[in-house]
Amino acid sequence: GGQGGVSFILVSFTSEDRMYYVPLRVLREFWARMESGGRKSFRMEELDDAWLIRADGGAQVHFLEPLAADLQGRE
């Protein structure tokens with residue numbers, strides 16, 4: 001059994017003032033696409049808005065909400 005860890009990155013699209021929580025399993029899909037000859041980057045439009053991190057106008061990054069949704073989806 002594993003340790004129960006969670007792997008993800010936070011991606012910021014500064015020109016759009018948007019930040020996303022991106023689970024490793026989604027990154028792996030983009031990586032596989034690249035390895036099979038597809039595009040080497042991904043666009044904001046390809047990310048699920050469910051992973052959008054809300055902004056409160058402060059410096060805090062509220063990634064715990066999408067993280068909790070991700071963990072709940074694995075149960």
Side-chain angles (χ1 to χ4, degrees):
Q3 300 267 332
V6 179
S7 296
F8 62 92
I9 64 169
L10 301 178
V11 177
S12 177
F13 293 91
T14 54
S15 63
E16 301 292 330
D17 196 28
R18 288 177 155 227
M19 184 176 291
Y20 287 86
Y21 167 99
V22 184
L24 179 61
R25 67 181 175 279
V26 173
L27 290 173
R28 285 183 173 152
E29 293 172 12
F30 293 137
W31 189 269
R33 177 176 70 186
M34 177 201 65
E35 287 187 325
S36 65
R39 65 182 289 130
K40 296 178 181 165
S41 61
F42 58 88
R43 297 183 315 271
M44 183 180 70
E45 293 79 18
E46 295 180 89
L47 298 176
D48 189 334
D49 277 344
W51 302 124
L52 182 64
I53 297 171
R54 69 178 174 89
D56 277 349
Q60 296 176 337
V61 177
H62 298 279
F63 68 89
L64 294 179
E65 292 165 352
L67 172 61
D70 187 17
L71 292 174
Q72 187 174 19
R74 295 174 186 213
E75 294 175 355

(message) Using 0.5 Å steps for rounding, measure from the CG atom of Asp70 to the CZ atom of Phe8.
(response) 9.0 Å
(request) Report the residues that fulfil salt bridge (Lys or Arg N to Asp or Glu O under 4.0 Å) with Glu65, sequence neighbours left out, ordered by chain and then residue number. (result) Arg54
(message) Grouping I, L, V, M, F, W and Y whenever their side-chain heavy atoms are under 4.5 Å apart, do Leu71 and Val22 come out in a common cluster?
(response) yes
Report all side-chain donor-acceptor pairs from residues 9-18 shorter than 3.5 Å, counting only partners two or more places apart or in another chain.
unit_1: Arg18; atom_1: NH1; unit_2: Tyr20; atom_2: OH; d: 2.7

(message) Glu46: which residues meet the side chain to side chain donor-acceptor pair (under 3.5 Å) condition with it, sequence neighbours left out?
(response) Arg33
(request) Mind checking ring pair (Phe, Tyr, Trp, His ring centres under 6.0 Å) for Phe30 and listing every partner two or more places apart, or none if nothing turns up? (result) Phe42
(message) Looking at every non-hydrogen atom in both residues, tell me the closest pair between Pro66 and Ala50 and how far apart they are.
(response) CB-O, 4.4 Å
(message) For the CG atom of Leu52 and the CE atom of Met44, what is their distance to the nearest 0.5 Å?
(response) 9.0 Å
(request) Could you tell me the separation between the CD atom of Glu29 and the CG atom of Leu24, rounded to the nearest 0.5 Å? (result) 10.5 Å
(message) Run the side chain to side chain donor-acceptor pair (under 3.5 Å) test against Ser41 and tell me which residues pass, sequence neighbours left out.
(response) Arg39
(message) I'd like to check the side chain to side chain donor-acceptor pair (under 3.5 Å) partners of Glu45; sequence neighbours left out, ordered by chain and number.
(response) none
